[in-house]
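All chains are named by letter (A, B, ...) in the order of the sequence lines, taking the proteins before the strands, and each is independently numbered beginning at 1.
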2 protein chains.
Amino acid sequence: MANIREIAKVAGVSVATVSRVLNGYPYVKEEKRKAVWEAVEKLNYTKNINAVHLAKGKTSIVGVVLPYVNHPYFGAIVEGISREALRYGYHLLLFQTNYEVQKELEALEMLRMKQVDGLIICSRIVSWDVIDVYKDDGPIVLCEDVKGRDVLSVYINHYEAFLFAMKYLMNKGHRKIGYCIGRTTGTNSKAREAAYYDALRNIHESPRKEWIFDHCLYIEDGKRVVNEWLALPEKPTALLVSSDQVAAGIVLWGRREGINIPEDLAVFSFDNHPIAEALEITTMDLPLSLMGTKAFRMIYQCLETGKIAKKSEKLDARLIERSSV
Amino acid sequence: MANIREIAKVAGVSVATVSRVLNGYPYVKEEKRKAVWEAVEKLNYTKNINAVHLAKGKTSIVGVVLPYVNHPYFGAIVEGISREALRYGYHLLLFQTNYEVQKELEALEMLRMKQVDGLIICSRIVSWDVIDVYKDDGPIVLCEDVKGRDVLSVYINHYEAFLFAMKYLMNKGHRKIGYCIGRTTGTNSKAREAAYYDALRNIHESPRKEWIFDHCLYIEDGKRVVNEWLALPEKPTALLVSSDQVAAGIVLWGRREGINIPEDLAVFSFDNHPIAEALEITTMDLPLSLMGTKAFRMIYQCLETGKIAKKSEKLDARLIERSSV
DNA sequence: ATAATGTATGAAAAGCGTTTCAATGCAATA
DNA sequence: TATTGCATTGAAACGCTTTTCATACATTAT
């Protein structure tokens with residue numbers, strides 16, 4: 001495979017000139033410019049981008065760290081990142097972690113090794129100490145409330161959203177409220193948990209462990225929730241569900257079990273995925289795609305200008321009132 | 001940032017020895033090995049992976065070309081690819097194309113420039129001539145029937161699956177059958193179209209343009225289909241739907257319009273996404289994740305051994321009988 | 001004792017584009 | 001005419017690791 005030196009030889013110019021032509025720099029006589037392009041054509045030359053990466057010290061790639069590629073929640077975020085990255089000529093390197101520390105570390109190592117120029121961590125399990133170690137290796141954006149820590153972040157105000165939902169349910173007269181969550185660890189989950197407990201405390205209700213359903217991610221998890229709910233001696237009358245997927249599962253499997261929604265069980269969900277519209281599920285719209293877009297922009301700005309306008313950005317959820325509550 | 005030369009100096013060895021230690025090669029005295037690791041520790045050294053890429057001429061990255069990251073169909077494929085890539089220490093570079101030729105070309109260029117070692121094209125719009133140009137730049141796997149062309153491929157037998165579905169519907173007495181598809185171009189879509197026409201011809205029914213619904217990808221497209229179906233002067237009694245998402249939309253919006261399924265309208269779908277189970281939709285299970293896994297393996301095998309066991313692999317769909325037909 | 005192996009190590013080349021610096025030529029301004 | 005400045009170009013350094021080749025010494029086999 002031809003390289004830039006051969007092009008230079010064939011075109012009768014120096015490698016510097018070839019580089020100038022290839023990158024569209026000025027100060028090259030038109031005839032030389034032409035000669036270079038002809039040589040490129042003739043030798044069927046293509047840049048070796050790894051040499052470019054080495055020489056420039058950057059790759060125009062940002063890494064995206066997430067537990068599951070195939071979940072609509074993360075899909076929406078990635079979509080937002082992808083759209084923006086495309087616009088600025090950046091590429092995306094995907095790190096599916098399954099919440100394994102090892103995999104997350106690997107992604108961080110890739111930042112240090114300059115495989116990626118920056119990192120967007122959609123969800124994580126590694127501790128802050130670990131993140132801190134890699135902070136100087138390139139911009140890292142977290143999709144969670146970093147609470148004043150010295151890292152970039154764009155996040156959805158899950159606490160407010162959950163609190164809002166709780167109050168909404170309580171306004172409708174509900175006192176016995178349970179909730180479904182993807183995992184109990186993680187900043188976002190903790191924020192929701194806090195809102196849940198705070199709201200319950202407000203009405204002097206004590207929380208019940210059996211009304212909290214963990215590991216709720218996909219539609220099929222809704223089936224499990226319905227079955228567990230049915231088996232409950234004392235049942236909550238309403239459920240906050242952190243994902244429309246799970247809510248859809250609950251509504252659909254619930255129907256099959258003869259559960260009336262919202263009469264027997266009110267379902268209040270989050271995401272505003274089209275499935276929620278189709279099922280008339282009351283939900284909070286989460287600006288996931290926007291969050292991805294903003295996360296990328298933050299990285300980009302940091303990379304190109306070295307400055308950051310805002311270190312942290314909080315995005316709000318929006319009520320979509322339908323008939324499942 | 002320290003480099004391998006500095007490590008060599010500090011450890012009092014040559015760069016070759018440092019490289020040996022770093023890569024776990026034999027033939028290094030234990031004491032030197034230790035000295036190197038100590039220097040690495042001391043200088044907080046990390047490899048510059050771009051230099052590695054350049055020197056090795058490979059990156060251990062495979063590119064994944066797809067139109068939309070955020071569709072469950074492609075999500076499932078990527079999931080399969082990702083799982084396998086993880087196992088073999090490969091990374092995934094995502095190319096979201098939105099079916100723009102320019103974007104697909106860019107991905108192919110990345111193969112030529114050695115940004116990626118191989119390419120998995122989940123769906124495409126560029127012509128075969130274009131693909132051919134890049135064939136020698138690295139392994140390319142297509143997720144479609146390449147019909148004897150000299151490219152690798154793993155694909156689902158959409159023709160058989162669609163034909164099977166048509167016969168199934170016809171066995172249930174349906175004669176007026178329409179179908180919903182994501183796009184009308186593309187090998188996979190053409191295969192389905194062919195099966196549709198072949199089956200109709202079999203029962204001497206002539207196809208109707210207004211019974212073919214294009215651009216059906218997401219749940220919300222089901223709403224559109226329902227509305228169009230309702231407005232039809234003469235309605236098909238059954239619909240073949242290429243995606244469970246759309247089928248779900250049809251079933252759900254159909255219910256809201258008082259359409260009885262399957263009495264008024266039978267729905268036969270594809271994918272076997274959990275949503276189909278929740279909605280009791282009869283569907284064909286498509287081994288999407290498996291296809292991704294196999295696609296990666298093909299690339300991997302090609303890369304590591306230079307040989308290909310099978311150039312093309314056809315995967316079959318499986319009937320999941322439920323109650324929407 | 002000698003040839004043949006195996007272990008251990010470093011110098012140098014190879015992989016390749018970018019960028020800086022110095023130099024040359026030519027035109028415009030003082 | 002002298003000076004300043006811009007246009008043009010190339011040599012060489014830079015980014016960094018891998019890998020080959022040659023060398024030296026220690027064993028083991030013949």
Discussion item. With no hydrogens and no angle check, just 3.5 Å: does a side-chain donor-acceptor pair link A/Arg183 and A/Tyr99?
Written reply: yes

Worksheet item: Should A/Lys32 be listed as having a side-chain N or O under 4.0 Å from OP1 or OP2 of D/dT9?
Response: yes

Worksheet, complete the sentence: note: A/Ile4, atom CD1; C/dA14, atom C1'; distance rounded to Å ~ 16 Å

Worksheet item: Angle, rounded to 10°, between the helical axes spanning five pairs at each terminus of the helix from C/dA1-D/dT30 to C/dA30-D/dT1?
Response: 30°

Worksheet item: So, does B/Glu104 use its side chain to make a donor-acceptor pair with the main chain of B/Val126 at under 3.5 Å?
Response: yes

Worksheet entry | Side chains of B/Arg83 and B/Ser289, donor plus acceptor under 3.5 Å | yes

Discussion item. Strictly below 4.0 Å: does A/Tyr27 bring a side-chain N or O up to OP1 or OP2 of D/dG5?
Written reply: no

Worksheet item: Rounded to the Å, how far apart are A/Glu30 CD and D/dA7 C1'?
Response: 14 Å

Discussion item. If you assign each of A/Lys29 and A/Arg5 to its closest nucleotide in DNA chain D, which residue comes earlier from the 5' end?
Written reply: A/Lys29

Worksheet item: Between C/dT19 and A/Tyr25, is there an OP1 or OP2 to side-chain N/O distance shorter than 4.0 Å?
Response: yes

Discussion item. Between A/Ser19 and C/dT18, is there a contact of a side-chain N or O with OP1 or OP2 at under 4.0 Å?
Written reply: yes

Worksheet item: Do the numbers put A/Arg20 on top of the ring of A/Tyr27, so that NZ or CZ is under 6.0 Å from the six-membered ring centre and no more than 45° off the axis?
Response: no

Worksheet item: NA contact type, B/Val13, heavy-atom cut-off 4.0 Å: base, sugar-phosphate, or nothing?
Response: sugar-phosphate

Response to the item:
Nearest-nucleotide check on DNA chain C, B/Val15 vs A/Val18; residue mapping nearer the 5' end is B/Val15

Worksheet item: What is the distance, rounded to the nearest whole Å, between atom NZ of B/Lys114 and atom P of D/dT18?
Response: 17 Å

Response to the item:
In whole angstroms, the gap separating C1' of C/dG17 from CZ of B/Arg112 amounts to 18 Å

Discussion item. For C/dT18 and A/Lys47 - does any side-chain N or O of the residue sit under 4.0 Å from the phosphate oxygens OP1/OP2?
Written reply: yes

Item to complete: Establish, from distance only, whether the side-chain atoms of A/Tyr88 and A/Arg297 form a donor-acceptor pair under 3.5 Å.
Response: no

Discussion item. With nearest nucleotide decided by heavy atoms, which residue, B/Val28 or B/Ala51, maps closer to the 5′ end of DNA chain C?
Written reply: B/Val28

Worksheet entry | Check: C/dG17 base within 3.5 Å donor-acceptor of A/Arg20 side chain | no

Worksheet item: Does A/Asp137 have any salt bridge (charged side-chain N to carboxylate O under 4.0 Å, His left out) partners at least two apart in sequence or in another chain, and if so, which?
Response: A/Arg112

Item to complete: Nearest-nucleotide wise, let me know which of B/Ala55 and A/Thr17 is further upstream toward the 5' end of DNA chain D.
Response: A/Thr17

Worksheet item: B/Ile7 CD1 to C/dT9 C1': how many Å, rounded?
Response: 18 Å

Item to complete: Have a look at B/Asn50 and say if it touches a base, only the backbone sugar-phosphate, or nothing, with a 4.0 Å heavy-atom cut-off.
Response: nothing

Worksheet entry | Ring centres under 6.0 angstrom apart (B/Tyr68, B/Tyr73) | no

